[in-house]
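Reminder, nothing fancy here: chain letters follow the sequence lines and each chain counts from 1.
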2 protein chains.
Amino acid sequence: MFSVPTRTQYGIRALVHLATSEARSSTSAEIAKAQAISPKYLEGILGQLKTSGLVLSERGAHGGYRLAREPESIPMREIVEALEGEIRPVGCVDDSDCCEQGVDCLPRRFWIGLKQAIDGYLDSKTLRDVIEA
Amino acid sequence: MFSVPTRTQYGIRALVHLATSEARSSTSAEIAKAQAISPKYLEGILGQLKTSGLVLSERGAHGGYRLAREPESIPMREIVEALEGEIRPVGCVDDSDCCEQGVDCLPRRFWIGLKQAIDGYLDSKTLRDVIEA
DNA sequence: CGGTATTCCTATCGGGATAGTAGGAATATA
DNA sequence: TATATTCCTACTATCCCGATAGGAATACCG
């Protein structure tokens, strides 16, 4: 349960690779090989990280990807949300008016608490923490 | 992200129903109607909760389901794990030997921390807390 | 004993998401 | 011009989730 999609795992591994690499930038193919990720699949993930402003890219020969910020300035929550969207255990966590008529919605606060627990953890870690673990 | 399957949401709603109901026991059909859950689907969920020892059942006319313990003795983690299995963000959280050769497994500790954050929250709440929220 | 209410078991099915593939266009370097 | 690389769009296969169907087993009640 609560299994994290490979998309997110791969994205984080790619960012870890960039954060620990000596080189100024790395190509998608390099990262894919080093991290044992399907190359074409990784391309899409890196594109997503770029759209979210977490990495920068340069095209053409000698192009590649690099981090947009220092690892200590990248909270893990930002990474996870960039790849999967906001943490939302159930649909109604941010919609108090969602419950079906007559249905007891007691569990809602419980789910909100879970969201806060997860968000709190993700907010407390940065990419730096992960590469230094 | 981290969306909880309806299976789990329904299961918790069903347990909340049992915990707050005046009657000694409730039928699957009653709960389904009161909680707006697909009746046949709920049957399976209740069966799962029974297998896990969270509810007791009686067959035949005037049969039904009731809680196996008092709500304060049912941790939410036990419910969630009964319905979805153990919390496991990534496959390798409890298998230190799982990572592909040559692949940097730095994120593993991060995922273990996430599991602990979630488990910690779920351990801190009982069914009683949920119905009194 | 027969009728009825209920849990319990097994099988099936459609839709959506996930994971991955394919091909090539745009762009930068040399 | 040749080559390396990002970038874009579309496609496919597979799996899981949510739900449905039908009926067997079982218990109460007259």
Can any side-chain N or O of A/Lys115 pair as donor or acceptor with the backbone N or O of A/Pro89 at less than 3.5 Å? no

Give the rounded distance in Å between these two atoms: CZ of A/Arg66 and C1' of D/dT6. 14 Å

Near DNA chain C, which residues from residues 48-57 of chain B have a heavy atom under 4.0 Å away? B/Lys50, B/Ser57

Within the 4.0 Å heavy-atom criterion, would you say B/Gly64 contacts the bases, only the backbone, or no part of the nucleic acid? sugar-phosphate

Can you pull the side-chain hydrogen bond (donor to acceptor under 3.5 Å, both in side chains) pairs that have at least one residue in residues 54-65 of chain A, sequence neighbours excluded? A/Lys50-A/Ser57

Residue pairs passing the side-chain hydrogen bond (donor to acceptor under 3.5 Å, both in side chains) test where at least one lies in residues 21-30 of chain B, sequence neighbours excluded: none

Using a cut-off of under 3.5 Å, enumerate the N/O to N/O pairs linking the protein to nucleotides 17-20 of chain D.
residue : atom : partner : partner atom : Å
D/dG18  : OP1  : B/Thr6  : N            : 2.7
D/dG18  : OP1  : B/Thr6  : OG1          : 3.1
D/dG18  : OP2  : B/Thr6  : OG1          : 3.4
D/dG18  : O5'  : B/Thr6  : OG1          : 2.8
D/dA19  : OP2  : B/Tyr10 : OH           : 3.4
D/dT20  : OP2  : B/Ser38 : OG           : 2.5

Verify the neighbour count for atom CZ of A/Arg7: are there more than 12 heavy atoms of other residues, nucleotides or ligands below 6.0 Å? yes

In sequence, state the C-alpha distance, the side-chain angles, and the governing distance for A/Phe2 and A/Leu114, and then conclude on side-chain contact (heavy atoms from CB on, under 4.5 Å). CA-CA 12 Å; A/Phe2 282 97; A/Leu114 175 60; 3.7 Å; yes

What is the bend of the helix from C/dC1-D/dG30 to C/dA30-D/dT1 when you compare the axis at one end with the axis at the other, using five pairs each and rounding to 10°? 10°

Separation of C/dG20 C1' from A/Leu46 CG (nearest whole Å): 15 Å

A/Tyr65 OH to C/dT27 C1': how many Å, rounded? 13 Å

Supply the atom-to-atom distance B/Leu106 CG to A/Ile12 CD1, rounded to the nearest 0.5 angstrom. 12.0 Å

For A/Arg128, does the CZ atom have more than 12 heavy-atom neighbours from other residues, nucleotides or ligands under 6.0 Å away? yes

Atom of B/Leu46, atom of B/Ala14 and distance for their closest heavy-atom approach: CD2-CB, 4.2 Å

Taking every heavy atom of A/Gly53 against every heavy atom of A/Arg69, the minimum-distance pair comes out as O-NH2, 3.9 Å

With no hydrogens and no angle check, is any side-chain donor or acceptor of B/Gln9 less than 3.5 Å from a backbone partner on B/Val4? yes

Without swapping roles, check the side chain of B/Asp129 against the backbone of B/Thr126 for a donor-acceptor pair under 3.5 Å. yes

Is it true that a side-chain atom of B/Ser52 and a backbone atom of B/Leu49 form a donor plus acceptor pair closer than 3.5 Å? no

Point-to-point distance, once rounded to the nearest 0.5 Å, from CG of B/Leu56 to CG of B/Leu18: 10.5 Å

Give A/Glu43 one of three labels, base, sugar-phosphate or nothing, depending on what nucleic acid heavy atoms sit under 4.0 Å from its own. base

Under 3.5 Å, N/O pairs linking protein and nucleotides 3-5 of chain C:
residue : atom : partner : partner atom : Å
C/dA5   : N3   : B/Ala61 : N            : 3.4

